[in-house]
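Positions are given from 1, in the same order as the sequence printed here. Whatever order the structure lists ligands and atoms in, that order sets their numbers, starting from 1. Only this structure's heavy atoms are used, side chains among them; waters, hydrogens and symmetry mates stay out.
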Amino acid sequence: MKNIDEILAKSEFSKSDIVQLLQVEGDDEKKLFKKSHQIKIDNVGNEVYFRGLVELSNICKKDCLYCGIRKSNTGINRYNIPDDKILEAAKFAYENNYGSIVLQAGERDDKDFVNRITYLLRSIKEISKGELGITISLGEQTRETYRRWFEAGAHRYLLRIESSNPDLYYKIHTNNDLHSHSKRLECLKILKGEGYQVGTGVMIGLPFQSFEDLANDILFMKDFDIDMVGMGPYIEHSDTPLFQYKDSLKSLDYRFRLALRMIAILRIVMKDINIASATALQAIDPLGREKALKIGANVIMPNITPTSNRSDYLLYQNKPCTDEGAEDCTNCMEARINLADGVIGYGKWGDSKHFKKRNKNKGKD
Ligand code: SAM
């Protein structure tokens, strides 16, 4: 075991350094968080960018063993928010100066869906006079689809690799007809080639996951030269197959701390990327997202999905803010971000500085 000050003073971490940092506690953990906080302030400042999140449908063709909206879960009410309600939510984000929105949904790749998203992207651009930035998180698609959506106005894409370790990936995605780790990786490459700011992420505290796996996830993000990351704790859902391993899991509190350490380490390793403070953090600790902002994250995704559908997008149990309207959400966010010594970058796109550097200053503040 090395001394923590020695590791934190290094300009580059080895895998074993990261494995050690992932397990720090007490004063050593405080040192890690102090360093990641400082690096955040020095490189991306204290501005926090909003991405109003619309979870537009929970219909999904995938069967991820951990996810509450997996196609085999027959116990949920499937919904598809009508276009006018989605556009209303986008208008709300625009009028309230959010700067950007995120469209997320279960995965579909049929023609109707692809056309519909294209229409929605164009319409959102139109109603916001081109001013709202748009991130999408709609799973694995063909190059043509990614290209169409980019041309229609989306400029950032979130596709979590879930785990960089294929063995672990296949333990939590057992249907090989539907799930392919190499395809997911290929999609990330295509997204980059098509000009998107590309985000990925992993779940933290999964059954079968080791500290080495998590260290490799961080090194994967670095090697892939990712622009944005959204990662959070795995939270079990009783109506999913992975629930059977709940007794082998670390406690929720432990997974929460581990997720914070992952964010802090990643901020030190990738100083100028955008890091989202995942909603799953708040499901464990009411101030979870604020804690993540303090130690490295700089993006937050207030939920602006119409309230009537929110409780049906339960990826995991105890999901926060399923019953409050978008306006309550904004007020609550402002107070929370102030608590974390942040200021909201109202009306800004807040594109990833990392993306700008790698693309000769494309992207917008
Ligand atoms: N279909 C898109 C995709 O696959 O990228 C976006 C929707 S998907 C539900 C969004 C993310 O939710 C996944 O990438 C996964 O990491 C996360 N998620 C699903 N179930 C979860 C759970 N039980 N705990 C924590 N995160 C979960």
Side-chain angles (χ1 to χ4, degrees), residues 51 53-73 76 78-80 102-110 113-114 117 135-141 145-146 149 154 156-164 168-169 172-173 175 178-181 183-185 187-188 190-191 196 198-207 209 214 217 228-246 249-250 252 255-256 258-259 262 276-284 288-289 301 303 305 309-310 312-320:
R51 318 279 187 234
L53 174 65
V54 184
E55 295 159 334
L56 63 98
S57 171
N58 63 357
I59 300 170
C60 191
K61 61 175 253 205
K62 290 284 180 94
D63 224 4
C64 310
L65 299 194
Y66 44 85
C67 184
I69 65 166
R70 65 197 298 267
K71 79 164 185 176
S72 298
N73 186 5
I76 58 167
R78 299 283 168 179
Y79 72 85
N80 215 339
V102 182
L103 299 183
Q104 193 181 72
E107 190 170 307
R108 276 178 62 181
D109 57 2
D110 52 282
F113 183 74
V114 172
I117 297 295
T135 306
I136 48 179
S137 177
L138 300 166
E140 295 160 28
Q141 306 288 341
T145 298
Y146 286 145
W149 289 349
R156 310 185 196 106
Y157 205 104
L158 273 181
L159 183 72
R160 286 186 176 181
I161 190 75
E162 314 297 1
S163 169
S164 61
L168 173 55
Y169 183 88
I172 60 173
H173 303 94
N175 185 334
L178 289 173
H179 299 274
S180 155
H181 191 257
K183 179 169 181 213
R184 217 155 167 89
L185 200 57
C187 283
L188 285 172
I190 295 175
L191 286 163
Y196 283 92
V198 183
T200 195
V202 295
M203 281 172 290
I204 298 156
L206 284 163
Q209 189 179 46
L214 289 169
D217 290 338
M228 340 182 276
V229 168
M231 59 182 172
Y234 160 67
I235 302 177
E236 59 273 31
H237 186 304
S238 58
D239 296 333
T240 61
L242 222 57
F243 193 69
Q244 64 185 296
Y245 300 106
K246 66 179 192 317
L249 297 172
K250 302 256 193 225
L252 275 175
R255 277 175 264 163
F256 174 77
L258 190 54
M262 279 289 280
S277 181
T279 313
L281 291 162
Q282 197 191 340
I284 302 180
R289 286 188 296 183
M301 307 199 294
N303 199 333
T305 307
N309 294 107
R310 272 200 218 174
D312 294 319
Y313 200 83
L314 279 195
L315 311 179
Y316 43 82
Q317 275 141 342
N318 203 21
K319 195 167 171 236

Atoms of ligand 1 under 4.0 Å from any heavy atom of E107, numbered from 1 in the order shown, are 1 (N)
What orientation do Y66 and H173 show, parallel under 30°, tilted 30 to 60°, or perpendicular over 60°?
-> perpendicular
Region of [X] engaging ligand 1 - heavy atom pairs below 4.0 Å:
X	answer
A280	neither
P233	backbone
E162	side chain

Judged by non-hydrogen atoms, does [X] sit under 4.0 Å from ligand 1?
X	value
A278	no
G232	no
Y313	yes
R184	yes

Pick whichever of G68, G139, A105 has a heavy atom sitting closest to atom 6 (C) of ligand 1.
-> A105
Q317 to I235 - nearest heavy-atom pair and separation = O-CG2, 3.9 Å
Report the nearest protein non-hydrogen atom to atom 9 (C) of ligand 1: residue, atom name, distance rounded to 0.1 Å.
-> L315 CD2, 3.4 Å
